[in-house]
Undergrad: 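Mind looking over this structure? Questions follow.
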Amino acid sequence: MKKNKNLKVAIVMGSQSDYKTMQLSGKILKKMGIKFEIKIISAHRTPKRMYDFAISAERNNIGAIIAGAGGSAHLPGMISALTPIPVLGVPIESKKLKGLDSLLSIAQMPKGIPVGTLAIGEDGAINAGLLAASIIANNNPAVKRKLNNWRLSQTKSIKKKPN
């Protein structure tokens with residue numbers, strides 16, 4: 001990965017229906033002042049688009065990829081197989097198995113092809129945004145400050161005693 005303060009994050013998802021969940025990653029990145037792009041890329045229905053995206057990600061100044069997928073959820077793993085950039089997998093909640101199928105598909109990667117797997121659904125998308133921000137913060141002091149301030153604000157919002 002390039003040593004670069006201007007790295008951006010790519011948020012990709014398998015279909016339009018995943019956007020409701022995946023836009024939450026973008027909201028976090030926006031709060032952190034991180035540039036990002038959002039794309040629909042299906043591992044099964046648009047394999048050439050997926051391949052072209054993955055092999056050009058590093059050249060396109062992407063420092064982390066958040067990939068959301070449901071069902072068989074091959075998108076995060078296939079992208080990880082094609083790029084050295086960190087891939088964060090967000091299992092999308094499915095109708096039939098409530099996202100457990102997505103979670104297992106993303107988490108059970110063969111050795112040598114890592115995907116950082118987050119929680120199913122909205123919590124996973126939010127945490128993926130925060131984890132991507134942490135990755136970008138390694139090369140960007142402004143993002144590191146915003147991330148630290150966000151965490152401090154979260155800590156201060158917790159009451160010391162119940163009402």
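Reckoned from all heavy atoms, side chains included, excluding hydrogens, waters and symmetry mates. Nothing here was measured: the structure is a model prediction, and the numbers come from that model.
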Undergrad: What is the distance from atom CG of L152 to atom CZ of R145, rounded to the nearest 0.5 Å?
TA: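 So the gap between those two atoms works out to 14.5 Å.
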
Undergrad: Taking the side chain as every heavy atom from C-beta outward, state whether K144 and N148 have any atom pair closer than 4.5 Å.
TA: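 With C-beta onward as the side chain, the pair touches.
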
Undergrad: Does atom NZ of K31 have more than 12 heavy-atom neighbours from other groups under 6.0 Å away?
TA: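 Open.
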
Undergrad: About how many Å separate CG of D101 and NZ of K95, when rounded to the nearest 0.5 Å?
TA: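 Separation between the atoms: 12.5 Å.
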
Undergrad: Let me check something: do I41 and I55 share a hydrophobic cluster, defined by ILVMFWY side-chain heavy atoms less than 4.5 Å apart, either directly or through other members?
TA: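 Yes, I41 connects to I55 through the hydrophobic network.
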
Undergrad: Please give me the minimum heavy-atom distance between A10 and F53, naming the atom from each residue.
TA: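 Closest approach of A10 to F53, heavy atoms only: CB-CZ, 3.6 Å.
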
Undergrad: Is a donor on one side and an acceptor on the other found under 3.5 Å between the side chain of D18 and the backbone of G14?
TA: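 Yes, D18 side chain to G14 backbone: donor-acceptor pair under 3.5 Å.
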
Undergrad: Nearest 0.5 angstrom please: L131 CG to I136 CD1, how far?
TA: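 Here the interatomic distance stands at 10.5 Å.
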
Undergrad: Are any of the side-chain heavy atoms of M50 and L82 separated by less than 4.5 Å?
TA: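 The answer is yes, as the side chains (C-beta and beyond) meet within the 4.5 Å cut-off.
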
Undergrad: Would you mind reporting whether M32 and L130 have side-chain heavy atoms less than 4.5 Å apart?
TA: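 The answer is yes, as the side chains (C-beta and beyond) meet within the 4.5 Å cut-off.
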
Undergrad: When you measure from the side chain of N61 to the backbone N and O of N6, does any donor-acceptor pair fall under 3.5 Å?
TA: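 At least one qualifying donor-acceptor pair exists.
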
Undergrad: Indicate yes or no: at least one non-hydrogen side-chain atom of S105 is less than 4.5 angstrom from one of H74.
TA: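 Touching, per the 4.5 Å side-chain cut-off.
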
Undergrad: Kindly indicate whether the side chain of I62, heavy atoms from C-beta on, has any atom under 4.5 Å from the side chain of T83.
TA: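 When only atoms from C-beta onward are counted, T83 and I62 do not touch, as no gap falls below 4.5 Å.
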
Undergrad: Within the 4.5 Å heavy-atom criterion, are V90 and M22 side-chain neighbours or not?
TA: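 Yes - at least one pair of side-chain heavy atoms lies under 4.5 Å apart.
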
Undergrad: Considering non-hydrogen atoms only, spot the tightest contact between A57 and I65 and give its length.
TA: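 Looking at all heavy atoms of both residues, the shortest contact is CB-CD1, 4.1 Å.
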
Undergrad: Taking all atoms of both residues into account, what is the closest heavy-atom pair of P76 and V87, and its distance?
TA: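 In terms of heavy atoms, the two residues are closest at O-CG1, 3.6 Å.
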
Undergrad: Do the side chains of L118 and L88 get nearer than 4.5 Å, heavy atoms only?
TA: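 Yes, side chains in contact.
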
Undergrad: So do K30 and F36 actually touch side chain to side chain, heavy atoms under 4.5 Å?
TA: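 Contact flag for F36/K30 side chains = yes.
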
Undergrad: Could you report the tightest heavy-atom contact between L75 and M13, atom names first, then the distance?
TA: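 Closest pair (atom of L75, atom of M13, distance): CD2-C, 3.7 Å.
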
Undergrad: Between D52 (side chain only) and R49 (backbone N and O only), is there a donor and an acceptor less than 3.5 Å apart?
TA: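 Not a single qualifying donor-acceptor pair exists.
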
Undergrad: With rounding to the nearest 0.5 angstrom, report the OG to CD1 distance, S15 to I40.
TA: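 So the gap between those two atoms works out to 7.0 Å.
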
Undergrad: Can L7 and N140 be said to form a side chain to side chain contact (heavy atoms under 4.5 Å, CB included), step by step?
TA: CA-CA 9 Å; L7 292 174; N140 188 320; over 6 Å; no

Undergrad: Donor-acceptor check, side chain of T155 to backbone of R151, threshold 3.5 angstrom: yes or no?
TA: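 Pair found, side chain donor or acceptor close to backbone of R151.
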
Undergrad: Closest heavy-atom contact between K98 and I120?
TA: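 Between these two residues, the closest heavy atoms are O-CG2, 3.8 Å.
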
Undergrad: Roughly how far apart are I11 CD1 and K39 NZ, rounded to 0.5 Å?
TA: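 One gets 12.0 Å once the value is rounded to the nearest 0.5 Å.
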
Undergrad: Going only through I, L, V, M, F, W and Y residues with side-chain contacts under 4.5 Å, is there a path from I113 to I106?
TA: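 Both belong to a single hydrophobic cluster.
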
Undergrad: Could you check whether any side-chain N or O of S25 sits under 3.5 Å from a backbone N or O of A128, counting only pairs where one atom can act as donor and the other as acceptor?
TA: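 No, because the side chain of S25 does not come within donor-acceptor range (under 3.5 Å) of the backbone of A128.
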
Undergrad: Testing the basics here: between I66 and A132, what is the closest heavy-atom pair and its distance to 0.1 Å?
TA: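 Looks like CD1-CB, 3.9 Å.
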
Undergrad: In Å, rounded to the nearest 0.5 Å, how long is the span from CD of Q154 to CG of N149?
TA: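 Taking CD in Q154 and CG in N149, the distance rounds to 13.0 Å.
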
Undergrad: Same cluster or not: are L103 and L97 linked, directly or through other Ile, Leu, Val, Met, Phe, Trp or Tyr residues, by side-chain heavy atoms under 4.5 angstrom apart?
TA: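 No, because L103 and L97 fall into different hydrophobic clusters, even though each may have its own neighbours under 4.5 Å.
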
Undergrad: Does S80 use its side chain to pair, donor to acceptor, with the backbone of P114 at less than 3.5 Å?
TA: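 Pair found, side chain donor or acceptor close to backbone of P114.
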
